[in-house]
Amino acid sequence: MKAVCWRGTRDVRVEDVAEPKIINPRDIVVRVTSTAICGSDLHLYNNVFPGMTSGDILGHECMGEVVEVGPSVESLRAGDRVVIPCTIACGGCFYCKQGQYSACDNSNPNPSSSSQILGYPCCGMMGYSSVTGAYAGGQAEYVRVPFGDVGPLKIPDGIPDEKVLFLSDILPTGWMGALNCAVQPGDVVAVWGAGPVGQMAIRSLLLQGAERVIAIDRLDDRLEVAARAGAETFNASEGQVYEFLLEATGGRGPDACLDAVGMEADGHGLMDAADRVKQTLGVETDRPPVLREAIRCVRKGGTISLLGVYAGLVDSLPMGVAFNKGVTFRMGQVRVQAFHHLLLSLIMQDLLRPEEIISHTAPLSDASEMYKLFLKKADRCLKVVLKPGQTRAA
Ligand SMILES: NC(=O)c1ccc[n+]([C@@H]2O[C@H](COP(=O)([O-])OP(=O)(O)OC[C@H]3O[C@@H](n4cnc5c(N)ncnc54)[C@H](O)[C@@H]3O)[C@@H](O)[C@H]2O)c1
Ligand SMILES: [Zn+2]
Ligand SMILES: [Zn+2]
């Protein structure tokens, strides 16, 4: 079968690989009908997230048709349409029982790799390096899904893939980040990053009752999409974010600040130059200008919600400011399985339309070109959906 294989820094190729098989009784195999490229894939593409090996199959946002189920899977059968959560969860461990699916203790068969880096084993993830279990990903014609009786979400007939594909990751991510802002009536929330994750967070915040959401990015085309969803916008290349947000909130600062950018944020000046050198040398794994800015901007007693991925070490955080303001930090890897049923019902009621952010749809064979486009954010590229079953139109 064809699959998108990682071959090194900014080098992905569509190659012929062996088809997946059932290995464990709780596995299922899915024929992938749609799969997306995520900002998280860019951390692997840029080779700043550890644990990749040449030949690894990428992809943690996918859906399709079940073709085979393991003998212990009773909830699904061949022919069912399912969306696959990016985070893999066993459903029975201490954490899964509390709904903390992304902290699952049993889904990472390679715990020593993440223990060395993080000091504890993290959960398994589809297509996301040896740190999260070295599972083959879903940017492929077929994919094996572990714990198929717990994760995959069954999709009723008649709903197009595009409406539900993002239940695999970015929609529950945006929803969780918004919940972590603990929105109260009248709240103003600033969202850094109008990429796919920021877009999902903006829609979730408005649905959860935020009075105003202010989207911050440097790309006007992405800010336009945020504005259409109901956000106010600020282009960070046109002035100081801090001054703008203070002015916009009567001098107080936003009640909550949500970072939908993470470890590869654009910065400027000496601090950014130092971050880039340290990231290249590996002494600082993450570049945190957005996190620093959010701490500076949030009002006293406010909340900072981190969705953008941080992998390891960040330097020069203004902890004194955070401490003296009494800031609450909430963050984490998405708990897809905790939210996807609710979010599917919101989609079916037409209260959420995640498909609005799809800018490019292409056959799987175009993956290499689409990764380049998404990295450069060229051609108004906001979200790419790859179709393994399709060939390019003549
Ligand atoms: N927590 C989770 O479970 C989870 C899930 C999915 C994705 N993520 C992470 O969310 C982040 C965003 O993902 P995405 O798919 O939207 O990626 P993306 O790269 O398409 O979007 C990031 C956006 O941030 C903007 N940006 C960069 N620097 C900025 C700055 N200093 N100020 C304001 N905006 C800035 C970029 O212009 C871009 O529009 C990534 O780090 C990704 O790994 C986390
Ligand atoms: Zn993702
Ligand atoms: Zn578990």
Side-chain angles (χ1 to χ4, degrees), residues 35-46 48-49 58-62 85-108 123-128 137-138 147 150-151 165-166 168-177 180 190-201 215-223 225-226 234-237 241 258-268 272 286-294 305-311 331-337 357 359 374-377 381-384:
T35 176
I37 306 177
C38 178
S40 299
D41 291 320
L42 295 182
H43 307 317
L44 305 178
Y45 190 60
N46 288 330
V48 295
F49 191 94
L58 291 166
H60 60 272
E61 299 183 358
C62 68
C86 59
T87 42
I88 305 168
C90 78
C93 72
F94 172 83
Y95 293 106
C96 284
K97 281 188 180 150
Q98 299 184 52
Q100 299 284 340
Y101 296 101
S102 55
C104 177
D105 260 343
N106 289 328
S107 60
N108 188 342
C123 77
M125 278 189 70
M126 302 297 294
Y128 214 78
F147 300 115
V150 176
L165 173 61
F166 304 146
S168 56
D169 179 2
I170 57 168
L171 180 54
T173 296
W175 186 261
M176 184 182 91
N180 282 346
V191 175
W192 276 255
V197 169
Q199 299 286 347
M200 295 299 116
I216 303 156
D217 203 298
R218 289 194 172 90
L219 300 173
D220 280 329
D221 51 299
R222 292 183 167 206
L223 290 173
V225 180
F234 181 68
N235 188 320
S237 49
V241 173
L258 189 151
D259 170 354
V261 185
M263 62 188 280
E264 293 190 85
D266 300 326
H268 51 84
D272 185 53
D286 306 356
R287 304 196 312 269
V290 165
L291 177 51
R292 292 186 191 122
E293 201 160 57
S305 166
L306 305 180
L307 284 180
V309 162
Y310 289 91
M331 63 191 88
Q333 213 38 268
V334 60
R335 306 187 296 278
V336 174
Q337 295 87 334
I357 69 160
S359 59
F374 183 52
L375 175 71
K376 289 192 190 140
K377 286 124 180 63
C381 185
L382 175 54
K383 188 75 178 174
V384 178

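Numbering of ligands and ligand atoms starts at 1, following listing order.
Here the side chain of Q100 pairs no donor or acceptor atom with the backbone of F94 at under 3.5 angstrom. At least one donor-acceptor pair closer than 3.5 Å links the side chain of S107 to the backbone N or O of G124. Of the possible polar contacts, none joining the R335 side chain to the P172 backbone as a donor-acceptor pair under 3.5 Å is found. Remark: side-chain polar atoms of S305 are not paired, donor with acceptor, to backbone N or O of L258 under 3.5 angstrom. No donor-acceptor pair under 3.5 Å is formed between the side chain of D286 and the backbone N or O of P288. Using modelled atom types, no side-chain atom of Y95 and backbone atom of C123 make a donor-acceptor pair closer than 3.5 Å. When atom types are taken as modelled, the side chain of T87 and the backbone of M125 share no donor-acceptor pair closer than 3.5 angstrom. Side-chain N or O atoms of Q199 include one that pairs as donor or acceptor with a backbone N or O of A194 at under 3.5 Å. Without hydrogens or angle criteria, S168 side chain to P85 main chain gives no donor-acceptor distance under 3.5 Å.
Counting heavy atoms under 4.0 Å from ligand 1, residue V290 touches it through the side chain alone. Looking at D169 against ligand 1, only its side chain comes within 4.0 Å, counting heavy atoms. Proximity of M176 to ligand 1, defined as any heavy-atom pair under 4.0 Å, is not found for any part of the residue.
One finds an angle of 100° at the Zn ion (ligand 2) between OD2 on D169 and OE2 on E61, to the nearest 10 degrees.
Distance from atom 44 (C) of ligand 1 to its nearest protein heavy atom, with residue and atom name: L307 O, 2.9 Å. Given atom 28 (N) of ligand 1, the protein heavy atom at minimum distance is D266 N, 2.9 Å. The protein heavy-atom contact nearest to atom 13 (O) of ligand 1 is V197 CG2, 3.5 Å. Among all non-hydrogen protein atoms, the one lying nearest atom 33 (C) of ligand 1 is I216 O, 3.6 Å. When only non-hydrogen protein atoms are considered, atom 19 (O) of ligand 1 lies nearest to K377 NZ, 3.1 Å. Protein heavy atom nearest atom 11 (C) of ligand 1, with residue, atom name and distance: V261 O, 3.5 Å.
Taking every heavy atom of both residues into account, L291 and D259 meet most closely at N-OD2, 4.1 Å. Residues I216 and A190 come closest through the heavy atom pair CD1-CB, 4.2 Å. Taking every heavy atom of both residues into account, L171 and M200 meet most closely at CD1-SD, 3.7 Å. Between R218 and H268, the shortest heavy-atom distance links the atoms NH2-CD2, 3.8 Å. In plain terms, the two heavy atoms of C38 and D169 that are nearest each other are SG-OD2, 3.8 Å. Contact detail for A201 and L307: the closest heavy-atom pair is CB-CD1, 4.3 Å.
By the side chain to side chain contact (heavy atoms under 4.5 Å, CB included) test, N106 is found to be paired with C90, C93, C104, residues two or more places apart in sequence or in another chain being considered.
At under 3.5 Å, not a single nitrogen or oxygen of C38, backbone or side chain, sits near a nitrogen or oxygen of ligand 1. In terms of polar-atom proximity, defined here as any N/O pair under 3.5 Å, G332 does make such a contact with ligand 1. Taking any N or O of V334, backbone or side chain, at least one lies under 3.5 Å from an N or O belonging to ligand 1. In terms of N/O distances under 3.5 Å, ligand 1 is not approached by L382. Considering both main-chain and side-chain atoms, L219 never comes within under 3.5 Å of ligand 1 through any nitrogen or oxygen pair. Inclusion of M263 in the set of residues having an N or O under 3.5 Å from an N or O of ligand 1 is not warranted.
The nearest non-hydrogen atom to atom 21 (O) of ligand 1, considering only R222, Q333, E61, R335, comes from R222. Among D217, T173, L375, the residue whose heavy atom sits closest to atom 23 (C) of ligand 1 is D217. For atom 12 (C) of ligand 1, the nearest non-hydrogen atom from the set G308, S40, G39, A260 comes from A260.
Short contacts between ligand 1 and F374, defined as distances under 4.0 Å to a heavy atom of the residue, involve ligand atoms 20 (O). Of all atoms in ligand 1, numbered sequentially from 1 with element shown, those under 4.0 Å from a heavy atom of R218 are 30 (C), 31 (N). Those atoms of ligand 1 that come under 4.0 Å of a heavy atom in W192, given as number and element, are 32 (N), 33 (C). Below 4.0 Å from some heavy atom of A265 lie the following atoms of ligand 1, by number and element: 28 (N).
Taking backbone and side-chain atoms together, D41 has no N/O/S atom less than 2.8 Å away from the Zn ion (ligand 2). Using a cut-off of 2.8 Å, one finds that C38 contributes an N/O/S atom close to the Zn ion (ligand 2).
Take the Zn ion (ligand 3) and draw a sphere of radius 2.8 Å; the protein N/O/S atoms inside it number 4.
For the atom pair M331 CE and Y310 OH, the distance stands at 9.5 Å (nearest 0.5 Å). The line from SG of C86 to CD1 of I88 is 9.0 Å long, rounded to the nearest 0.5 Å.
The shortest separation from a heavy atom of A236 to ligand 1 is not under 4.0 Å, leaving the residue out of contact.
Figure legend: K376 and F374 shown without cation-pi pairing, the cationic atom not lying both under 6.0 angstrom from the six-membered ring centre and within 45 degrees of its axis.
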